[in-house]
Trainee: 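Could you have a look at this structure, given as structure tokens, before my questions?
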Protein chains: 4
Amino acid sequence: MSSENQTIDKIADPKRSFIEEARRAQIIDCAIDVIAEQGFAQASLSQIAKRAGISAGVISYHFAGKDDLIREVAAHVFTKGAAFIGPRVNGQPAAPDALRAFIVASVDYVAARPAYTRAIMNIIRAGRGETGQPRYDAALEAPRRDGFQQILRWGQDTGEFRAFDVAIMARTIIEAVDAVPPQLAVQPDLDMAAYGQELATLFDLATRAAPPQPSAE
Amino acid sequence: MSSENQTIDKIADPKRSFIEEARRAQIIDCAIDVIAEQGFAQASLSQIAKRAGISAGVISYHFAGKDDLIREVAAHVFTKGAAFIGPRVNGQPAAPDALRAFIVASVDYVAARPAYTRAIMNIIRAGRGETGQPRYDAALEAPRRDGFQQILRWGQDTGEFRAFDVAIMARTIIEAVDAVPPQLAVQPDLDMAAYGQELATLFDLATRAAPPQPSAE
Amino acid sequence: MSSENQTIDKIADPKRSFIEEARRAQIIDCAIDVIAEQGFAQASLSQIAKRAGISAGVISYHFAGKDDLIREVAAHVFTKGAAFIGPRVNGQPAAPDALRAFIVASVDYVAARPAYTRAIMNIIRAGRGETGQPRYDAALEAPRRDGFQQILRWGQDTGEFRAFDVAIMARTIIEAVDAVPPQLAVQPDLDMAAYGQELATLFDLATRAAPPQPSAE
Amino acid sequence: MSSENQTIDKIADPKRSFIEEARRAQIIDCAIDVIAEQGFAQASLSQIAKRAGISAGVISYHFAGKDDLIREVAAHVFTKGAAFIGPRVNGQPAAPDALRAFIVASVDYVAARPAYTRAIMNIIRAGRGETGQPRYDAALEAPRRDGFQQILRWGQDTGEFRAFDVAIMARTIIEAVDAVPPQLAVQPDLDMAAYGQELATLFDLATRAAPPQPSAE
DNA sequence: TATGAATGAGTATTCATTCAT
DNA sequence: CATGAATGAATACTCATTCAT
């Protein structure tokens, strides 16, 4: 409840002091803004520090390194996304409803937090770091992917969805949703509600089992 | 014919010597490999030169600058892609066939040239450069997007496709196709033929007009 | 008072810390030495840093760029020169006295600060940078030129000076003074006091109005 | 006579073929233009070669190095200058006439060959090269300096000139003349004839012995 | 804790010069 | 003789990181 309002509650290390957490939260927020606005490549620690009004060394003090900061940013955004989308999906009566709710909520999240979604897209698409490892914890993406896959299997089990490849379908849906933030950046007056409905309908048709033939007989 | 198989024939400037063209082609090839394997941000001129076994200055000698090199890489990949995909789409009798052919051919191109498609994805998704301009000629992307959109409108005109938003549908298809290269990199044994068919079926269902109700009688 | 003797007080930005100012002053001093000894073209940031015993990046840290450093060097030298020469010119009773004082003080300044004057000559004569703009603030040169021109016009108004072209005369005087630093570099035992008097006499004769003819008869 | 028309006759090495000499002359001419127009620092071998319509390697082939080329350029310009000025000075009846003729001819040379004089000024003022040696043969400057000094001593011997320091006076005159090319570049409509007369008068007054006092008595 | 000065490796690019063709 | 491809060192500048204060 009240923890909902704290910035980085879920991932906070209990050993960290209040002031330490505040600084980390501030830095993460500023990093999100800079990455969203200027792109990942231009988001140097200096830029982020300048935005936060602090010295660049402070970031190195509070985070193990730039990679660590980026991972925290990704974790923050994914966590917030799950908190936004989850409640709107849970409790749906049937798989098709859940799928539509998931897609619409995902697009709504882009509208609600454009900087968050822009930032995470920029991070993901910047690819792997110098060490060859991804810049974010792959496990963070899992909940969303697994969420879509669960809904898809649910619908297949009930016969409402046809027999598609669940992994490919889930991936395609995610990509469709993730394409929205950069479009919104280019075209800020984009009708997000319509976009969400369009995608929901698109994937509803793509997943639905054929209606039982009225048959001939 | 045989010239069709040469690497950079179509875009070759006739004023350039054979040896110059060979070097340029080699550098472009190495740049593609490095960008595909290590990502755009890590693809410094030094890295590309090292891969080619040449001095970094050679690249500056043959290209006006890094931007120029990247543009040439993008042009090369897009041109090759168009040459690969175009013939398999043209001549299809109806819009749904053309759409399926386009999607399958696009996925096949990923299988045929995984480094090319990985590289171009990395370039596109690296976003805009320091000057704010895209790193490649935006006109290069247009044919593919326009191609999809033309097919989609064609099908809507004939009544085979339902009344969806063409821009959103085209964008979603392109994103679905563009998601393939990074997946292939992670999972090299991916069954690309099956992937192509799966996507084709997905978007066939998503685009098709409802069959005329057998109605009452 | 005592602050008069500090190196860069007048142009110091109050926001800069003591240590920052010290570093900047040290770098400016080293830049002056290197430019004076090795010439402008050879005065790379690396050379200057080596002379200062610091890493080259430190200069980029303290100055916005090489241009900025050069401008600061020029400002420093011109400011110091004005402080040296100005008091010896002001308060002279008549134009010929002021002109002599100005010339002698200018040459004395060369003797007092040979590196300063060599450096500024090298900067001025290195001409314009790649962008076509002068490497220093043109306004810095103006006081000296205007000072000479004012004295010359003053003397013409009082009839003590003949009717020469003020611009050409001022320019010639300045060139004569500016020729001294390189000569001193080549010939370190040059008698500067004599040089100053010689130039002063030269331009006194060149500027003086003809004495009223005793006429009569 | 005919040798007047050849470009680099006086300094030509007899072992060089005609075609070799022609190439050298062409390169020297282009180097003069580039140095005059773009400044010494911007005058790379590539720029000079481009102006000449040849490959940069050709210059390295015909000259021992860039320093050698610059020395040849300086020699060419000084030689041409001597040929222009010398005849107008020789044969003057008295030292004051010779001095005036020398100054006027020097300024006329600037007007006649602005590129030559701009180039040589840029070379001289670019200072010393990487090796610490001057970029031109100091002996080349000697004739002009010696010429002025001879005239000055001549006038002192005849009593027409006062007892000034010959070296300083010669140096000052030379600097006054050398200040003209950059001014002309900035202000192309400069009245060169007037400028020459102004300087001639200036130094006439500066050098003249006081007229014998009509005495009292 | 925070600062900001400093480092050293890294970036793209330019340039004089060499050399096989 | 001329070319143009290649080199390797040098250029200014950026950046993540460290550390004394």
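To find a chain, count down the sequence lines: A is the first, B the second, and so on, and within it residues start at 1.
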Trainee: Could you tell me whether the side chain of B:Asp33 reaches within less than 4.5 Å of the side chain of B:Tyr116, counting heavy atoms only?
Mentor: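 A side-chain contact is absent here, since even the closest heavy-atom pair is not under 4.5 Å.
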
Trainee: Counting Watson-Crick and G-U wobble pairs only, both distances under 3.5 Å, name the nucleotide matched with E:dT21, or none.
Mentor: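 E:dT21 is paired, partner F:dA2.
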
Trainee: Nearest to the C:Ser60 side chain among F:dA16, F:dT14, E:dT17, which nucleotide is it?
Mentor: F:dT14

Trainee: Quick one, B:Arg125 and A:Asn122 - any side-chain contact, counting heavy atoms below 4.5 Å?
Mentor: no

Trainee: Out of F:dT17, E:dA5, E:dG8, which has the shortest distance to the side chain of C:Glu20?
Mentor: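 Out of F:dT17, E:dA5, E:dG8, the nucleotide with an atom closest to C:Glu20's side chain is E:dA5.
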
Trainee: Taking any heavy-atom pair under 4.0 Å as a contact, classify D:Ile59: base, sugar-phosphate, or nothing.
Mentor: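 Here D:Ile59 touches no strand at all.
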
Trainee: Rounded to whole Å, please give me the gap between CZ in B:Phe40 and P in E:dT11.
Mentor: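 Computing the B:Phe40:CZ to E:dT11:P distance gives 13 Å.
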
Trainee: Atom CZ of B:Arg24 to atom P of F:dA5: distance rounded to whole Å?
Mentor: 11 Å

Trainee: On DNA chain E, check which nucleotide each of B:Leu45 and C:Val58 is closest to and give me the residue with the more 5' one.
Mentor: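 It is C:Val58 whose nearest nucleotide is closer to the 5' end.
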
Trainee: OP1, OP2 of E:dG4 versus side-chain N and O of C:Ser17: anything below 4.0 Å?
Mentor: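 No, no such contact exists.
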
Trainee: Measure from the side-chain heavy atoms of D:Ile54 and tell me the nearest of E:dT13, F:dT3, F:dT7.
Mentor: F:dT3

Trainee: Is the shortest heavy-atom distance from the side chain of A:Ile35 to the side chain of A:Ile70 under 4.5 Å?
Mentor: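 They are in contact (side-chain heavy atoms under 4.5 Å apart), so the answer is yes.
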
Trainee: More 5' along DNA chain F: C:Gln47 or B:Ile19, using each one's nearest nucleotide?
Mentor: B:Ile19

Trainee: I want to check one thing: is the phosphate of E:dG10, taken as OP1 and OP2, less than 4.0 Å away from some side-chain N or O of B:Ser46?
Mentor: no

Trainee: Going by heavy atoms in the side chains, are C:Ile54 and C:Arg23 under 4.5 Å from each other?
Mentor: yes

Trainee: Side-chain contact, heavy-atom cut-off 4.5 Å: C:Leu45 with C:Leu69?
Mentor: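 Yes, their side chains come closer than 4.5 Å.
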
Trainee: Could you give the CD-to-C1' distance, from A:Gln42 to F:dC15, as a whole number of Å?
Mentor: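 So the CD-C1' distance, A:Gln42 to F:dC15, works out to 13 Å.
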
Trainee: Please confirm whether the shortest side-chain N or O distance from B:Arg23 to OP1 or OP2 of F:dA5 is below 4.0 Å.
Mentor: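 No, no such contact exists.
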
Trainee: Can you tell me the distance, in whole Å, between the CD atom of D:Gln26 and the P atom of F:dC1?
Mentor: 13 Å

Trainee: Side-chain N or O of B:Ser44 less than 4.0 angstrom from OP1 or OP2 on E:dT11?
Mentor: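 Yes, such a contact exists.
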
Trainee: When the distance from CD1 of B:Ile70 to P of E:dA12 is rounded to whole Å, what number comes out?
Mentor: 10 Å

Trainee: Which one is paired to F:dA12, where only Watson-Crick or G-U wobble pairs with both distances under 3.5 angstrom count?
Mentor: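 When the pairing criteria are applied, E:dT11 turns out to be the nucleotide that pairs with F:dA12.
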
Trainee: Please check the phosphate of E:dA5 (OP1 and OP2 only) for any side-chain N or O of C:Tyr61 closer than 4.0 Å.
Mentor: yes

Trainee: For F:dA2, take OP1 and OP2 only and decide whether either is under 4.0 Å from a side-chain N or O of D:His62.
Mentor: yes

Trainee: For B:Glu21 and F:dA5, give me the distance from atom CD to atom C1', rounded to whole Å.
Mentor: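 After rounding, the gap between these two atoms is 14 Å.
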
Trainee: Rounded to the nearest angstrom, tell me the gap between atom CZ in B:Phe18 and atom P in F:dA5.
Mentor: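 Going from B:Phe18 (CZ) to F:dA5 (P), I get 13 Å.
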
Trainee: Measure from NZ or CZ of A:Arg24 to the centre of the six-membered ring of A:Phe63 and say whether it is under 6.0 Å with the direction within 45° of the ring axis.
Mentor: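 Verdict for A:Phe63: a cation-pi partner in A:Arg24.
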
Trainee: How many whole angstroms separate atom CZ of A:Phe63 from atom C1' of E:dT1?
Mentor: 14 Å

